[in-house]
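Here's the structure, in structure tokens; my notes come after.
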Amino acid sequence: MCRGCVAIIAEKPRSAYKIALYLSGGKPEKISVDGIPVWRFVYGGKTYVVVPSAGHLFSISTRRRGFPVFEYMWLPRHLVEKGKGYLRKYYDVFSRILPRASMYINACDYDIEGSVIGYMIIKKWGDVARMRRMKFSALTRSDILRSFRNLAPADYDMINAGLARHELDWLWGINVSRALTQVMRSLFGELVRKALSAGRVQTPTLFEVVNSYIARESFVPRVFFGVDIYVRYGGSEYRLESVDGVFDLRDSAVRHLQSVRSDPVAVVVDYVSRHVHIDPPNPPNLSDVQHDIYRLYGVSPSHTLKILEDLYLDSLISYPRTNSQKYPPSIDYISILEAFRSAGVFSSYIDKILGKGDLRPNNGGGEDPAHPAIYPTGELPRSFRSKLHKAIYEYIVRRFISTFMDPAIVSRSVALFDVKGRRYRLSGSVVVEGSWLNVFSYYRVDERSIPVFVKGSRVPISRTGIRRVYEKPPALYNKSSLLKWMEKMNIGTESTRAEIIDILFKRKYVEGSKSIIPTRLGLLVYHVVSRRFSEISRVELTREFEYILDSIRKGLRSKDEVIRRAVDTLRSVLSRANDALETDDHGMGSSCPICGLPVADRDLGLCCCHSAAYRRVYDVFRHWERSGYSWGEYLDFLAKSRYVGRFVKDLIAAGYVK
DNA sequence: GCAAGGTC
């Protein structure tokens with residue numbers, strides 16, 4: 001079909017089309033092979049064929065069972081991974097076209113994964129000696145043309161960095177998972193029916209969940225004292241907010257209160273009212289959408305991604321797995337806005353946008369080398385697969401339109417008072433010009449108007465009071481905040497984070513529909529990994545990987561040497577686990593008398609959860625004592641406050657704290 | 001069956 005042609009390998013069908021479109025000057029010939037769209041065109045007298053993959057077509061696999069396992073090979077994914085049967089067609093198409101080609105251009109995304117995807121395909125059916133690389137940072141006409149006219153030689157440093165990423169993750173993940181499963185079976189046989197797992201990304205994430213759970217459930221709040229001040233003005237009463245914060249000691253709060261009551265007047269020291277501009281939202285990346293949809297509808301990040309994928313495949317929105325918060329002019333946002341206007345969607349707002357001199361989105365800081373921020377294509381939906389599809393699509397349309405709108409204008413007023421040497425504040429906000437707030441209606445300004453106070457005037461205090469203020473317990477994670485933590489730590493990628501959180505649920509390491517709580521199995525895995533395989537529990541393992549891969553990419557280290565060192569480290573970690581299995585001594589010691597988990601604090605004879613709670617109870621009492629509370633009053637509070645963690649309540653019930 | 005990373 002294409003003897004002697006030049007084969008261009010694309011990472012996915014959509015980019016294959018764009019590459020063919022731009023290189024052909026707008027008229028590539030579509031030749032479908034087995035239902036997979038392949039594109040042909042002539043350029044400078046030569047025939048080119050653009051063939052799409054669908055991500056990785058090969059993955060690492062082994063025939064060996066047990067651990068340690070250091071022998072592996074790359075095999076077609078449709079043969080070795082469940083649910084990947086659809087990749088066979090892509091595999092077959094390459095097998096028919098590539099052997100006849102005269103040259104091979106890897107035009108996958110320009111990153112280490114893209115280099116691996118193209119390289120493995122060319123290695124299988126082509127000739128790597130005739131392999132070239134297209135280096136583009138965006139799928140735009142100018143970038144595609146430039147990279148095509150300046151074809152780079154084979155990028156072996158990049159390829160080797162990518163191969164090393166796969167191999168390191170596989171070696172660590174498979175070996176520690178297998179070892180962990182065996183150790184857990186030997187310790188807690190009946191609890192471990194299915195295979196367990198551990199990995200560079202999932203295990204530090206599990207540890208973060210467990211650590212935050214321990215912090216929450218061993219929590220005891222410190223107590224502070226707030227003095228409430230209400231003023232009466234123009235027939236209404238207003239509660240002032242303390243600028244100087246709360247009192248550490250009850251005595252100081254009482255003294256302040258007494259002096260206020262002796263002369264109940266608040267003196268206005270300042271009054272400012274000004275217009276504040278609030279910028280519209282930026283173009284959203286994947287996690288912006290995931291967090292907002294979680295906040296608005298309680299939908300999990302992975303479910304949101306599935307729906308975005310549906311909308312993408314239905315041509316309603318752009319590629320969703322992106323980190324970019326920018327709309328480049330190349331996406332032709334004017335035509336998209338015009339499409340919505342003629343369909344009568346927010347027409348009057350779009351009229352105003354298009355009438356502006358400079359039409360600019362409020363771009364954010366997020367960058368992505370391969371894709372722009374998520375936008376609606378301008379194609380109009382006839383129907384939706386579900387109500388949620390509709391809601392998420394509408395969210396993207398509203399966000400898209402609003403990012404081109406003028407800032408909203410809010411009048412913000414703040415009155416500052418002096419009350420016996422302490423500062424108090426009263427503030428209000430009123431929307432003056434709604435602008436984008438009318439379109440992106442998911443965001444609201446808390447409106448409240450306050451009177452105008454004249455500087456120097458004395459306002460009568462109508463009511464006062466003293467109030468205990470308890471320190472807030474640390475929050476447990478939900479799927480959205482855990483995703484945020486992964487982003488902050490920079491572990492996982494845009495497309496895998498939500499999925500990896502789901503793996504923790506699938507393994508039954510964690511549970512909960514809103515807050516994520518570790519299960520007993522999750523806590524036991526936490527203990528065993530801390531004791532035996534702590535290397536893989538640290539976020540820093542990713543940092544080390546990044547550093548190593550970067551030095552491979554720069555040609556400073558060889559892939560083989562890196563893999564050899566990883567194997568050496570693993571060999572010693574795994575042999576210790578193996579020795580323990582043989583002697584049946586895992587060094588777990590005795591069990592916590594309260595919950596049965598392994599003892600973490602030998603002095604107290606308690607697990608990590610209950611020993612943390614025990615120490616916190618006595619530490620925090622010293623704080624309460626300074627405000628004159630007795631041990632009895634403190635215990636009373638511990639028993640009934642909902643701020644107090646359950647590990648503390650366990651200790652009271654078991655008589656450890658009395 | 002175990003990872004993490006691409007994408008339908």
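A note on names: the letters A, B, ... follow the listed sequences, proteins ahead of strands, and every chain is numbered from 1. What you see below is based on every heavy atom in this structure, not just the backbone, and it leaves out hydrogens, waters and symmetry mates.
Interface remark: the A/Arg178 side chain does form a donor-acceptor pair with the B/dG1 base, using a distance-only criterion of under 3.5 Å.
In this structure, A/Arg497 places its CZ atom 12 Å from C1' of B/dA4, rounding to the nearest Å. Distance, A/Phe58 CZ to B/dT7 P: 17 Å, rounded to whole Å. Protein atom CD1 of A/Ile112 is 11 Å distant from nucleotide atom C1' of B/dA4, rounded to whole Å. The distance between atom CD of A/Glu499 and atom P of B/dG5, rounded to the nearest whole Å, is 10 Å. If you measure from atom CD of A/Glu81 to atom P of B/dA4, you get 13 Å, rounded to the nearest angstrom. Distance, A/Tyr509 OH to B/dA3 P: 8 Å, rounded to whole Å. Between A/Leu163 atom CG and B/dG5 atom C1' the separation is 13 Å, expressed in whole Å. Rounded to a whole Å, the NZ atom of A/Lys84 is 13 Å from the P atom of B/dA3.
Judged by the 6.0 Å and 45° rule, A/Lys124 forms no cation-pi pair with A/Tyr119. Stacking of A/Lys390 on the aromatic ring of A/Tyr395 is not recorded, the 6.0 Å distance cut-off and the 45° axial limit not both being met.
Toward the 5' end of DNA chain B, the nearer of the two residues A/Lys194 and A/Glu494, judged by each one's closest nucleotide, is A/Lys194. Two residues, A/Arg321 and A/Leu196, neighbour DNA chain B, and the one matched to the more 5' nucleotide by heavy-atom proximity is A/Leu196.
In the set B/dT7, B/dG5, B/dA3, B/dA3 carries the atom at the smallest distance from any side-chain atom of A/Ile174. Looking at the side chain of A/Val201, the nearest of the listed nucleotides B/dA3, B/dT7, B/dA4 is B/dA4. Comparing atom distances between the A/Asp169 side chain and each of B/dA4, B/dC2, B/dG5 picks out B/dA4 as nearest. Each of B/dG1, B/dA3, B/dG5 was ranked by its minimum atom distance to the side chain of A/His56; first place goes to B/dG5. The listed nucleotides are B/dC2, B/dT7, B/dA4; the one nearest the side chain of A/Tyr319 is B/dT7. Taking every side-chain heavy atom of A/Pro13 into account, B/dT7 is the closest of B/dG5, B/dT7, B/dC2. Considering only side-chain atoms of A/Arg165, the nucleotide from B/dC2, B/dA4, B/dT7 that sits closest is B/dA4.
Residue A/Gly492 is in sugar-phosphate contact alone, with no base atom involved, counting any heavy-atom pair closer than 4.0 Å across all strands shown. Using a 4.0 Å heavy-atom distance criterion, A/Arg200 is classed as a sugar-phosphate-only contact. A/Asp109 comes within 4.0 angstrom of the backbone, heavy atoms only, and of no base. A/Arg88 comes within 4.0 angstrom of no nucleic acid atom, judged by non-hydrogen atoms across all strands. Among the heavy atoms of the strands lying under 4.0 Å from A/Ser495 is at least one base atom, whether or not backbone atoms are also near. A/Glu309 comes within contact range of no nucleotide atom at all, as no heavy-atom separation falls under 4.0 Å. Among the atoms of the strands shown, base atoms are found under 4.0 Å from some heavy atom of A/Thr496. Counting non-hydrogen atoms under 4.0 angstrom, A/Leu171 reaches nothing in the nucleic acid.
The minimum heavy-atom distance linking A/Leu171 with A/Ile563 is given by the pair CD1-CG2, 3.9 Å. Summarising the geometry of A/Pro28 relative to A/Ala20, their closest heavy-atom pair is CB-CB, 3.8 Å, with the distance given to 0.1 Å.
Looking only at atom types and distance, the side chain of A/Asp155 has a donor-acceptor partner in the side chain of A/Ser115 under 3.5 Å away.
Taking the six-membered ring where tryptophan is involved, the planes of A/Trp74 and A/His166 are tilted, since the angle between them lies from 30° to 60°.
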**Report entry** Evaluation steps, ring-ring contact (aromatic ring centres under 6.0 Å, His included), between A/Tyr375 and A/Tyr333
**Finding:** CA-CA 9 Å; A/Tyr375 60 91; A/Tyr333 33 70; 9.1 Å; no

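Between A/Lys82 and B/dG1, a side-chain N or O to OP1/OP2 separation shorter than 4.0 Å is present.
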